[in-house]
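Please read the structure below before turning to the comments.
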Amino acid sequence: MEKAKKSKSIYYKFLGRTYIKNDSVVGIAFILPAVVLGAIFVIAPMVVSLSYAFTDANLLKLNEVGWAGVQQFKKAFTDKFMWNAFKNTMIFVAEVVPLQLLAALGLALILNTKIKGNTFFRWAFFCPVMLSLAVTSFLWMNLLNPQEGLINALLGVFHIPPQQFLESPKQAMNVIVIVSAWQGAGYQMLIFLSGLKNIPPELYEAAGVDGAGSGTKFFRITIPSILPTFSFVLVTMLIGAFRLMTQPMIMTQGGPVDSTMTMSYYIYQQGIKYRDVGYSSAIALLYTLFMSTIALTLRKVTDQKD
């Protein structure tokens, strides 16, 4: 019966490989909705944005779009507010990536040991990831309130004067860094934990027989074994950090004194608040090229094919 079924199957070749027609139809039917939605909500907006980058398009006058050539790009390179947003984004990336990376790896190492309540702590550390960025932003705004916030109340117990936190140009970005690292570390923790679980226990046993200590095992076995996982986490974390927008939008509105204005939020403001779609598209294109260059460079350096 099985042989008869196989004989009725229709085969075809594509790019040097042989496929079964019925299986291909089923596979295409499964992926077609995702492809259609991706084309409508991802690819089409990207194409439209790319075309607007070379025009003077205004959101209120889309029927009067004129060709601007490279003028929008020249404007971007002389825009001091854009460069300030770029600087703030680089500061955020430089601070949040090491902090979140170390927190995620540290939590994973702790949960990889046989401690009491392991399942509870795993859930507790991952819980912030399940909350939306908007919810966590409003939560921390209440906690950091200068007059009625819980954190200032706790500082008062130790006779520390109330801090302005989100209202201080010197403190606001650091607060957003801490909140972002707290919110995202649980996700990277699970990825690190899966990498740690894949390390053969025999390696540690053999190292122990040879007299290796905990430090030697960590640097000679653990780190090399999770290097591919580390590279993946680093790249995805960098891309996420470069796209920071929700937290400063809700918690500080880019202030105080533009100290938390980021590139993504600046692009949003130019396109939505000021209706300058052409200029925001040009900045978005430049920023996308920058992020792509960073991601491809890291991939080349880490030599990871996947």
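As the structure is a computational prediction, the values presented were derived from the model and not from experiment.
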Go through the steps to decide whether D79 and Y266 satisfy the test side chain to side chain donor-acceptor pair (under 3.5 Å), and finish with yes or no. CA-CA 11 Å; D79 186 354; Y266 187 71; 2.4 Å; yes
M90, CE: over 12 other non-hydrogen atoms inside 6.0 angstrom: yes
Check the angle between the aromatic planes of F73 and F54 and answer parallel, tilted or perpendicular using the 30° and 60° thresholds. tilted
Side chain to side chain contact (heavy atoms under 4.5 Å, CB included) with L133: which of V179, T246, I250? T246
In terms of heavy-atom contacts, A185 and A104 come closest through O-CB, 3.5 Å
Atom of N152, atom of P162 and distance for their closest heavy-atom approach: OD1-CA, 3.3 Å
Under the 3.5 angstrom rule, does the side chain of N112 hit a backbone N or O of L193 as a donor-acceptor pair? no
If every non-hydrogen atom of F192 is compared with every non-hydrogen atom of A108, which pair is closest and at what distance? CB-CB, 3.6 Å
Is there a donor-acceptor pair under 3.5 Å between the side chain of D276 and the backbone N or O of Q270? no
Counting only heavy atoms from other residues, nucleotides and ligands, does the tally under 6.0 Å from CZ of F218 exceed 12? yes
Say whether F120 and L111 are linked into one hydrophobic cluster, either directly or through other cluster members, by side-chain heavy-atom distances under 4.5 angstrom. yes
Does T222 have any side chain to side chain donor-acceptor pair (under 3.5 Å) partners at least two apart in sequence or in another chain, and if so, which? Y204
Are V96 and L244 packed together at the side-chain level, in the sense that at least one heavy-atom pair is separated by less than 4.5 angstrom? no
Taking a hydrophobic cluster as the set of Ile, Leu, Val, Met, Phe, Trp and Tyr residues connected by side-chain heavy atoms closer than 4.5 Å, whether directly or through intermediates, do L102 and F92 fall within one such cluster? no
Just wondering, do S137 and M251 contact through their side chains at under 4.5 Å, heavy atoms? yes
Decide side-chain contact (heavy atoms from CB on, under 4.5 Å) for M237 and Y187; before the verdict, give the C-alpha distance in whole Å, the side-chain angles of both, and the deciding distance to 0.1 Å. CA-CA 10 Å; M237 196 180 295; Y187 175 72; over 6 Å; no
Side chain proximity check, Q247 to Y265, heavy atoms < 4.5 angstrom: no
Decide yes or no for F77 and L286: does some side-chain heavy atom of the first lie under 4.5 Å from some side-chain heavy atom of the second? yes
Less than 4.5 Å apart, side chain to side chain, heavy atoms only: is that true for L190 and R122? yes
Should we say atom NZ of K170 is surrounded by more than 12 heavy atoms from elsewhere, each under 6.0 Å from it? no
Measure from the side-chain N and O atoms of T78 to the backbone N and O of K75, and report whether any donor-acceptor pair falls under 3.5 Å. yes
After noting the C-alpha distance and the side-chain angles of S51 and T55, does the key distance pass the side-chain contact (heavy atoms from CB on, under 4.5 Å) rule? CA-CA 7 Å; S51 62; T55 68; over 6 Å; no
Would you please indicate yes or no on a ring centroid separation below 6.0 angstrom for Y274 and Y279? no
Please find the pair of heavy atoms, one from T252 and one from T260, that lie closest to each other, and give the distance. OG1-OG1, 2.6 Å
Please report the shortest heavy-atom distance between D258 and N84, naming the atom on each side. O-ND2, 3.1 Å
side-chain contact (heavy atoms from CB on, under 4.5 Å) for F138 and M141? Distances and angles first, verdict last. CA-CA 5 Å; F138 280 114; M141 283 178 65; 4.1 Å; yes
Using a 6.0 Å cut-off, check whether atom CZ of F290 has over 12 heavy atoms from anything other than its own residue. yes
Of all heavy-atom pairs linking A207 and K217, the shortest is CB-CG, 4.2 Å
Mind checking the OG-CD spacing from S180 to Q183? Nearest 0.5 Å is all I need. 7.5 Å
Neighbour count above 12 (heavy atom, 6.0 Å) for E202 CD: yes
Would you call M245 and M263 a side-chain contact if the rule is heavy atoms closer than 4.5 Å? no
Student check: side-chain heavy atoms of W140 and I151 closer than 4.5 Å: yes
Relative to each other, are the rings of Y287 and F86 parallel, tilted or perpendicular (30° and 60° limits)? perpendicular
Kindly say whether A68 contributes a backbone atom to a donor-acceptor pair with the side chain of D56 at under 3.5 angstrom? no
Show, in sequence, the C-alpha distance, side-chain angles and deciding distance for I191 and T236, and conclude whether the side-chain contact (heavy atoms from CB on, under 4.5 Å) test is met. CA-CA 11 Å; I191 299 176; T236 55; 5.6 Å; no
Can you tell if the side chain of S281 reaches within under 4.5 Å of the side chain of L285, non-hydrogen atoms only? no
